[in-house]
Amino acid sequence: MSALPRLRARRMLRPASKQLSLARRVIAADGVIAYPTESCFGLGCDPRSPRAIRRVCALKRRSRGKGLILIAADLRQLTPFVEPAALADLGRFQSFWPGPYTFLLPASRKVHPWLRGRHRQIAVRITNHPLAAGLCQALGTALVSTSANLSGKVSLKTAAQCRYVFGSRIMVMPGLIGFARKPSTIIDAATGKILRG
């Protein structure tokens, strides 16, 4: 293994404790963070906070009808957002997770409408990016995960790009994105239809 892949792997492993402490404060205050994911930086917030969800959509200039993806470190973090009758289905996807597969499942009635957009389902994934998973573990919750960009523009790949585009309106977690060349595959769990390949 060359020095570069070793360095890249180390920088992807875990968020630093100082950064985690700051991220906790930002999330608790209904703020927005940018963090590295499998293919690009993502914008995230507490999915239980309507104010934070609105901030994410405003920052991206994203239509609230499109819905947002949630990432998590484990199945337990997804259960509050999925309809209780569909919770058994979560176990079916363990062979895909952690990994680059996002599944649409019936949303809990408690889910904020902007999370699911104009749909009755919510998009969920257990991330295989070590830093993103570590962030979810440290914060104790799933996170909103939508590409860090203005709607319709190219997804941002570095912390510096996020700071340039969004400035002080967000907190940026340093780190490197994964090796994926494209966003996660989105699959309708009910029909098996691939909505984004």
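Everything numeric here is computed off the predicted structure, so don't read it as measured data.
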Just wondering, more than 12 heavy atoms not from [X] lying within 6.0 Å of its [atom1]?
X      : atom1 : answer
Arg181 : CZ    : no
Arg61  : CZ    : no
Ile194 : CD1   : no

State, yes or no, whether a side-chain contact exists between [X] and [Y] at a heavy-atom distance under 4.5 Å.
X      : Y      : result
Arg109 : Glu83  : yes
Ser147 : Lys60  : yes
Ile27  : Leu143 : yes
Pro98  : Thr127 : no
Cys45  : Arg51  : no
Gln19  : Pro174 : yes
Arg125 : Glu38  : yes
Val144 : Leu70  : yes

From [X] [atom1] over to [Y] [atom2], what is the distance, rounded to the nearest 0.5 angstrom?
X      : Y      : atom1 : atom2 : value
Leu104 : Lys193 : CG    : NZ    : 11.0 Å
Arg163 : Arg169 : CZ    : CZ    : 15.0 Å
Leu115 : Thr146 : CG    : OG1   : 11.0 Å
Phe179 : His129 : CZ    : NE2   : 9.0 Å
Tyr35  : Leu131 : OH    : CG    : 10.5 Å
Thr158 : Leu176 : OG1   : CG    : 9.5 Å

Problem - Residues Trp97, Leu75; criterion side-chain contact (heavy atoms from CB on, under 4.5 Å); working and verdict - result: CA-CA 9 Å; Trp97 290 336; Leu75 290 175; 3.7 Å; yes
Problem - Aromatic ring pairing Phe103/Phe93, orientation class (parallel under 30°, perpendicular over 60°, tilted between) - result: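 Geometry flag for Phe93 against Phe103: parallel rings.
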Problem - Matching residue for Leu78 among Leu87, Leu105, Ile71, Val124 - test: side chain to side chain contact (heavy atoms under 4.5 Å, CB included) - result: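 Filter result, single survivor: Val124.
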Testing the basics here: between [X] and [Y], what is the closest heavy-atom pair and its distance to 0.1 Å?
X      : Y      : value
Trp114 : Cys57  : CE3-SG, 4.0 Å
Leu135 : Ala23  : CD1-CB, 4.2 Å
Ala52  : Gly31  : CB-O, 4.2 Å
Gln137 : Ala73  : CG-CB, 3.4 Å
Arg55  : Asp30  : NH1-O, 2.9 Å
Phe81  : Ala142 : CE1-CB, 4.0 Å

Exercise for the section: Please check if the side chain of Asn149 supplies one atom and the backbone of Gly152 the other of a donor-acceptor pair under 3.5 Å. Expected result: no
Practice task
Mark yes or no for whether Thr79, through its side chain, and Arg76, through its backbone, hold a donor-acceptor pair below 3.5 Å.
Solution key: yes
Practice task
Establish whether Phe41 and Val154 are linked, either directly or via other cluster members, by ILVMFWY side-chain heavy-atom contacts under 4.5 Å.
Solution key: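 No, Phe41 and Val154 fall in different hydrophobic clusters.
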